[in-house]
Each structure stands twice: as C-alpha cells, then as structure tokens.
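Worksheet: one structure, shown below.
Values in this document were obtained by computation on a predicted structure and should not be read as measured data. In what follows, every chain begins at residue 1, and chains take the letters A, B, ... in the order their sequences are listed.
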4 protein chains.
Amino acid sequence: MTRKQGEPTAIERARRAQIVRAAIDTIAEMGYARASFSAIARTAGLSSTGLISYHFASKQCLMAEVMRTILAEFTAFVAARSDHGTPAGRLAAFVTANCEFMQGHRNHLVTMLDLQSAAPDTESRDRQANSDRAKLAELLTDGQHEGDFRDFDPDLMAGFILSLRNGVILRAASQPGFDLAACTDELLTTIQRATSPQPAPPTA
Amino acid sequence: MTRKQGEPTAIERARRAQIVRAAIDTIAEMGYARASFSAIARTAGLSSTGLISYHFASKQCLMAEVMRTILAEFTAFVAARSDHGTPAGRLAAFVTANCEFMQGHRNHLVTMLDLQSAAPDTESRDRQANSDRAKLAELLTDGQHEGDFRDFDPDLMAGFILSLRNGVILRAASQPGFDLAACTDELLTTIQRATSPQPAPPTA
Amino acid sequence: MTRKQGEPTAIERARRAQIVRAAIDTIAEMGYARASFSAIARTAGLSSTGLISYHFASKQCLMAEVMRTILAEFTAFVAARSDHGTPAGRLAAFVTANCEFMQGHRNHLVTMLDLQSAAPDTESRDRQANSDRAKLAELLTDGQHEGDFRDFDPDLMAGFILSLRNGVILRAASQPGFDLAACTDELLTTIQRATSPQPAPPTA
Amino acid sequence: MTRKQGEPTAIERARRAQIVRAAIDTIAEMGYARASFSAIARTAGLSSTGLISYHFASKQCLMAEVMRTILAEFTAFVAARSDHGTPAGRLAAFVTANCEFMQGHRNHLVTMLDLQSAAPDTESRDRQANSDRAKLAELLTDGQHEGDFRDFDPDLMAGFILSLRNGVILRAASQPGFDLAACTDELLTTIQRATSPQPAPPTA
DNA sequence: CATGAATGAGGATTCATTCAT
DNA sequence: CATGAATGAATCCTCATTCAT
C-alpha cells in the first residue's frame, strides 16, 4: 500500500464520494452483512472492487467515512433547525428535524443504525454515541437551568430521546405504510410530557 | 442424518443447550457478524464445528433456537412480574422487570438485540418485533379504557417504550460503570409522565 | 476395528442383507453421489449410520457387496433362462431375460449401472465387466462353431450386446412411458441381424 | 462480483479454457465424484480453488461449460464428416467419425460419458441425450424413406447406435491395448447388418 | 449387537485485499 | 488512476468413520 500523503485531488474526492454514496445505498438495501465490496462496486457502477481498496485503506476505513458522511449531513440538517430559541423549543425542533430528515434520507438513517449495531468497531461507535448524547444532554441541562425542563438526569434523558428516535427510524424504515407525521406528533407530545417541569402526576 | 425423529435424549438436550449458551455468549461478545461456528465452538470448548452442524441443521436453525431460548427466559421473567394489577402498575412492573433482567442476563439481552438487527432473517425478526409491540399495545389499550393512561396511539406508544428499553439495554451493556438502578428509576418516571392521564402541560 | 473372522451369524446376515437392499434402493433413487450412509440408513429405517460401519468395513466394501448381490440375482435370473438350447436360441434368451429382469428389478439394474460408472473403484469394476463379456463371448464363439453366427470377433460382439443392454436399461429407467416390450423386440431383431450367418448385404 | 457483464477479455477466455481443460482431464482421470475444485486446481496448476470460483459462478456452471466445450468439438468433428451423401453413407460416416474422435480426444469422451451419468443435473442431461437421439433418428428416418434402411423404429435404433458408441468409448478408454480400428470395422459391419433393408434371415 | 454422539477431513463458495498492467 | 485477475483465509456444511455405553 503506497497511500497518499498530501491533499486529495478533485478526482480523488469525487470517487470517494461516489463510493461512499454507493456504500450507503447498498447497506440500507441489504444490510451491512451482505454489503460486500462487490455489491458496493455494483451499486456504484464500478468495474472492480480494486478501486474501492485503492481509495480506502480497508473496509473499516470506508465504513468510518460512510459514518462520518452520514453524521455530517444529519448533524448539519438537525443543527440548522434546532440551534436557536428556548431549550424546549430547540428540543422540539431537534426531534422534529430528526424525523423530517427521514424523508429524503431514509438510506442514510437506516445505514447509520445498521453500522451502529453491526459494524465490527465497538471503539469509535461508542465514542460517537457518547458524543451525540453529550451534546443533547448539554441542551437539556441548559433547559433545566432556564426552567424549561424538570429535574431529570440530563445524560439519561438524552439517551432516552436518542433511543426513541432510533426506534422511529427503524420502524419507519421497515414498515411500508408507516405514518411518520403522526408518529412525530405523538413523539413530540411524549417527550414534552416526559421533560416538562409540570408537577408529576401522583404515582399510581 | 437429515434430522432426528423422536424425542431428543438427555445428552442431546444438554449439548444443544451448551451450544446455545456458547452462541449467546459469543454473539454478545463479538457480535453476530463475527460469531462463526468456529468462534462458537471455541467458546463452547468443542473440538469441531462439525458438532454444531450435527446438532443443528443450519446456522439459521441454531440462531432460531438461540432467539427462542432468550425470549422464553426473558418473557417468562417479565410476565411473572407484570401479569397482574392495574394496567399502570403492570406497565411499571414491565419496565422494571425488563431492567432487572439485565442483571444476570446481560449477554442474553445484548444477543437478542444483535440478532434482531443483524440476523439475515428479516421475516421472523419483524414478526417477533410486531408481536412484542402488539402485546404491549394491548396492555396500553386496556389502561386507556380504565383511565390509567392518556389518549395516545397505543401502537406508537408501545413502540416508544420498547425503543427506550432497547436503548437502556445497549447502554448498560456497553458502558461499564452504568448505574442501571438509577436509570430504571428515571425511565419509570419518564414513562409514567409520558402516559399518565394528567392534563398535558401547556405547549411551549 | 475388530472385524469378524468366523462365520457370520444369522442376524448378521439379515442385517447385512437389509442394508444392502436399502443401499440399492437409495442409489437407484438418488444416484451414488447422493447415497450417503445417512440416506441409506434412513431408507433402511436404521437409527444410526454407525450400524452400517459396524457391518461393513468401509463404504467401498458395502458397495462391493451391493454389486455382488445384484449380479448374483441378475446372473441367476438370466442364466436360468439362457442356459440351454442352440447358441442362437440362448443368445435370444439372454437378451430377452436381460430385458425381462428390468420388470420387478428396476432398482437393481439402475444401481448396477450407476455403480459401474460412478463408483470410485476402477479395479474391480473393470474386472467384472471383462468377466461378463468373456462369458458372453464364449457363447458367441460356440455359436460360430455351430454355424449359428457369422464370423465376427466374439469379444467385440459381446461388448456390443452388453452395451445395447445397458442402453436399454438406462432408457427404460429414465423415460417413464417407455415401451420395454417393443424395445425388446426391436433389440432382438437387431441383434439377430447383426449376428446371423446370412450373406452380408452388398456394401452401400 | 456476481458475474461479468460485457465481453470477456482474452485473459479471461484463456483462463476459463485452461480451467475447463483441467476439469476435463481431472474428470477423465478420477471420475466426476472425485473431481473436486481442489483436484481441478491442482491439475491446472492454480494456486487456489478461489480462482475457479472467480471465473465460474458455481461448479454446475463449470460443468455446463465443460459439457458445452466437449459437445461443440465433438459435434463439429462428427458433423463435418457425416453431413453429406446418402443416409446409409452418412450413418457409416457418423459411426466412423465417432470412433475416430476417440484418438486425440480420449479424455473428452470419457468425461462426456461420466458427466452424462454422474452429474447431478438430470434435467439438462436427459434433454441432451434426447436431442442427440432425435437428430440421429431423423437421419434414420430419411434413410428409410430413401430405401437405405429397413423398417425399424428410428427412435429405438438411434438409441441402440448411441449405446454401441458409448460402449466403445468406455472400452477403448479403459482397456490399454484396445484395437480401436478393428472395433470400428466390426461396429460398422454390425450396424450395417442391423439396419440394411435386406430380407431378414429366417428366425432361428 | 445397536445406538447416537463425536470427530476431523474435505466439500464449494465468498470476500477483502494485492498487484501487474 | 483504473482495471481485473489473482490470492488465500474463512465461511457453513456434509460425510465416513470411530467409540463409549
């Protein structure tokens, strides 16, 4: 392997992007387990798996870039819609944006979840999950200080919210006629009730 | 030998159980993707992968039995703790039991989730998920009729609750010092607030 | 292996016969290639392939006995019908008997041919073929001396006749509605013309 | 790589031909049953069975190409020598060409017969056999119309002739010093007598 | 004698990766 | 840069054979 050192050329970047896109579609369609280099090359219209190996040092590297790409788009999309306003408003916007991203980016999200659970790289996967959660927890903490939210453990609640989102993604992806809009509404209500500072109802 | 006919002998059952146990541990440790017959045989201390093939007609059959075994234990454990009382009480007991099962059955639950997302059998996997959700939805519907819960879509809410549980399992499994008890409390509060019939707090 | 030495007991003989019968049926049904010990044991209603190995030192030994058994029955049947009369009459009777044996012994003959071509034992297979041919050649030679037949090479002609018989067996076995009786007539006519001492027709 | 799309390159064709040749030789030497990819790779001087799988989608595909290759050469050889003249002349030429092909193509014919009887593809095997016989039967029917042949069943007689040829192939292949030329002469005489329109000799 | 569990070699096939062109 | 041929390890699975009970 005589790998690059300097800046990647334009062609280089284009190829890598093409391969990453094909990998995302392939994984979303047949799952990580069956997404071989052959399958990805076929999806991309490439004539050889060698080209993938040429541009990515290993399959793990390709998958890392796939993940990076998805998260970049996903994060940007969500951030743009949830980076201002009150914490409660931002949380609602965060949830809404997560669901909205599903439309038009189904493959991105399905692949993201598949990689999170099936990719053989516990290390970076957990790091990513922790970082996602930490950012959301920060928002929740802010909201608690401003009185938007009740007094829960922000880290745990952030995990809850991300779990809920993951569940919605999986279900929307696997159930053909799923009504995502209605689900989003119910999810918003649910999260609002779970986080709002109103006095807790009496224990049953 | 295509497959046995009559009742399995004691030795047969013991070996099968041993292999299933080894499979659960192996999948929990390295994920389904890397849980080859070789790896499982190594975990079980078997001398050959042929022995696994001798006792299970195919890898799919082994995985089916793994799933069956896990679900049997898990379901029995949860059912025993959540089959009586008011719907709200049963829901709380259900959540609690799910979390309690994690202690002493970490590998079972990790493997269950791994199989649910990575196994190459979309068919039965989705069927299982739908059936789990349907049963929980039924409980929720009952609770709505009795005034225990507010007026949400029971099917969606059931999905939410299972997603939350899955998230807790994954986190408890991957984060060494995770405080499962505290998480359970927070989860109970969260679900109670999400489902309780109290007037919704004013929208932010 | 602690193999026998003295005379086989009655039970021993019965078991061996049962296994041989099952082997014949299994090979006829699915071909030698797929006739594993498992398949044979299943056909025989045995509960273990170990029993086959117990009674036969190896698969090759079993196949040898299968062949011996088939040939014993086949030879006896044919010999009883073709051991007297003029050589020409005996030849016709030989051919007829070969065809008649097909009825009621389809599996025997199909297995015989399958073993002849697929069994991994060139040695004894060729020996058998040569011996069959030699015996038939002897009959032909007798017939030539008595003026029943023209002056062909008996060894070659014997080979021809056996080839014709093999072809008829294969075809009758593989073509469901095949009219074996009509074929036998045609075959008799053909062989009679091929061997008769009449002046050869003028070369075309 | 599922399979190529465009035209195969020169190298591709060469490798495939090499593998097919090695398969033919291997099957001829040890029979289809023992002609594993390992054995074929060894014969071909390849470093790995993976290379065979790289060039042929499955063993069945390889065997299909082996058969196609053999039949193409064999058919062309025979057709070139038996496609003109009177039906009787063409039949004689057909028989002669079949025998002549043995010289220099022993392995081709031995493999052809082995595949016909041992290959696990009853379907196409029977189709091939029927098609061969049908073509020969057509020639025989023509000859009957022109008075070259007596009034036999053309389909049966075609089967007889092919059986005779198969027998000659097997014998020439397995018996080292076999005099193929003499056999061919005897076979020609035999077939001529069997088919000629001369009055049948009086029944014995 | 019979059983069925166990063994280990060998089967075809897939795949990420390498490398000459 | 791109190609596609080549590699070899690893996959699941089958099978004849062995052996303790």
Side-chain angles (χ1 to χ4, degrees), chain A residues 1-2 4 9 11-12 14-15 33-41 46-62, chain B residues 1-2 4 6 8-9 11-12 14-16 33-41 46-62, chain C residues 1-2 9 11-12 14-15 34-41 46-62, chain D residues 1-2 4 6 8-9 11-12 14-16 33-41 46-62:
Chain A
M1 187 61 47
T2 39
K4 324 294 176 314
T9 70
I11 271 193
E12 166 88 8
R15 265 275 184 262
R34 296 186 50 216
S36 65
F37 274 16
S38 282
I40 295 170
L46 299 175
S47 49
S48 165
T49 67
L51 192 56
I52 302 180
S53 287
Y54 177 77
H55 287 284
F56 295 91
S58 72
K59 193 169 189 183
Q60 201 177 109
C61 289
L62 168 57
Chain B
M1 200 59 58
T2 324
K4 313 304 185 306
T9 70
I11 285 190
E12 165 89 6
R15 263 276 183 264
R16 285 177 68 101
R34 298 186 49 215
S36 64
F37 274 15
S38 288
I40 295 171
L46 303 176
S47 59
S48 145
T49 69
L51 190 54
I52 301 180
S53 289
Y54 175 75
H55 287 284
F56 294 91
S58 71
K59 192 169 190 182
Q60 201 178 123
C61 288
L62 169 57
Chain C
M1 187 59 51
T2 39
T9 70
I11 272 193
E12 165 89 8
R15 266 277 183 261
R34 297 185 49 215
S36 64
F37 274 15
S38 282
I40 295 170
L46 300 175
S47 50
S48 167
T49 67
L51 192 56
I52 302 180
S53 287
Y54 177 76
H55 286 284
F56 295 91
S58 72
K59 192 169 191 183
Q60 203 176 110
C61 287
L62 168 57
Chain D
M1 200 59 56
T2 326
K4 314 304 185 308
T9 70
I11 284 189
E12 164 88 6
R15 262 277 183 264
R16 284 176 68 99
R34 297 187 50 216
S36 65
F37 274 14
S38 287
I40 295 171
L46 303 177
S47 60
S48 147
T49 67
L51 191 54
I52 302 180
S53 289
Y54 175 76
H55 287 284
F56 294 91
S58 71
K59 192 168 191 182
Q60 200 178 123
C61 287
L62 169 57

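For A:L62 and E:dT17, the CG to P distance is 10 Å, given to the nearest whole Å. Going from atom CD of A:Q60 over to atom C1' of E:dA16 covers 13 Å, rounded to whole Å. In this structure, C:R34 atom CZ and E:dA12 atom C1' are separated by 16 Å, rounded to whole Å. Separating the CG atom of B:L51 from the P atom of E:dT7 is a distance of 6 Å, rounded to the nearest angstrom. Going from atom CD1 of C:I11 over to atom C1' of E:dA2 covers 10 Å, rounded to whole Å. Rounded to whole Å, atom P of F:dC12 lies 8 Å from atom CD1 of B:I40.
How far CZ of D:F37 is from CG of D:L51: 11.0 Å, rounded to the nearest 0.5 Å. Atom CD1 of D:I52 and atom OG of D:S38 lie 8.0 Å apart (nearest 0.5 Å). Between D:S36 atom OG and D:K59 atom NZ the span is 6.5 Å, to the nearest 0.5 Å. To the nearest 0.5 Å, atoms CD1 (D:I40) and CG (D:L62) are separated by 5.5 Å. In this structure, OH in A:Y54 is found 15.0 Å from OG1 in A:T49, a value given to the nearest 0.5 Å.
Contact check, D:S47 against F:dT7: a side-chain N or O comes under 4.0 Å of OP1 or OP2. Contact annotation: C:S58 side-chain N/O to F:dA16 OP1/OP2 distance is not under 4.0 Å. Using a 4.0 Å cut-off, some side-chain N or O of B:Y54 falls inside it from OP1 or OP2 of E:dA5. Between E:dA2 and C:H55, a contact under 4.0 Å exists linking OP1 or OP2 to a side-chain N or O. In this model, the phosphate group of F:dA5 is not approached by any side-chain N or O of D:R15 to a distance below 4.0 Å at OP1 or OP2. The shortest distance between the side-chain N/O atoms of A:T49 and the OP1/OP2 oxygens of E:dA16 is not below 4.0 Å. Put simply, B:S38 has a side-chain N or O that comes within less than 4.0 Å of OP1 or OP2 on F:dT11.
Stem analysis of DNA chain E (Watson-Crick or G-U pairs, both distances under 3.5 Å, runs of at least three) returns E:2-21 with F:2-21.
Using a 4.0 Å heavy-atom distance criterion, A:I52 is classed as making no nucleic acid contact. Looking at heavy-atom distances under 4.0 Å, B:F37 makes contact with sugar-phosphate atoms alone, never a base. Counting non-hydrogen atoms under 4.0 angstrom, B:S36 reaches the backbone sugars and phosphates but no base.
Annotation: side-chain contact (heavy atoms from CB on, under 4.5 Å) contacts of B:T9 (sequence neighbours excluded): B:I11, B:E12.
Judged by distance alone, the side chain of D:R15 and the main-chain N or O of D:H55 form no donor-acceptor pair under 3.5 Å.
If C:K59 and B:A39 are placed on DNA chain F by their nearest nucleotide, the residue sitting closer to the 5' end is B:A39.
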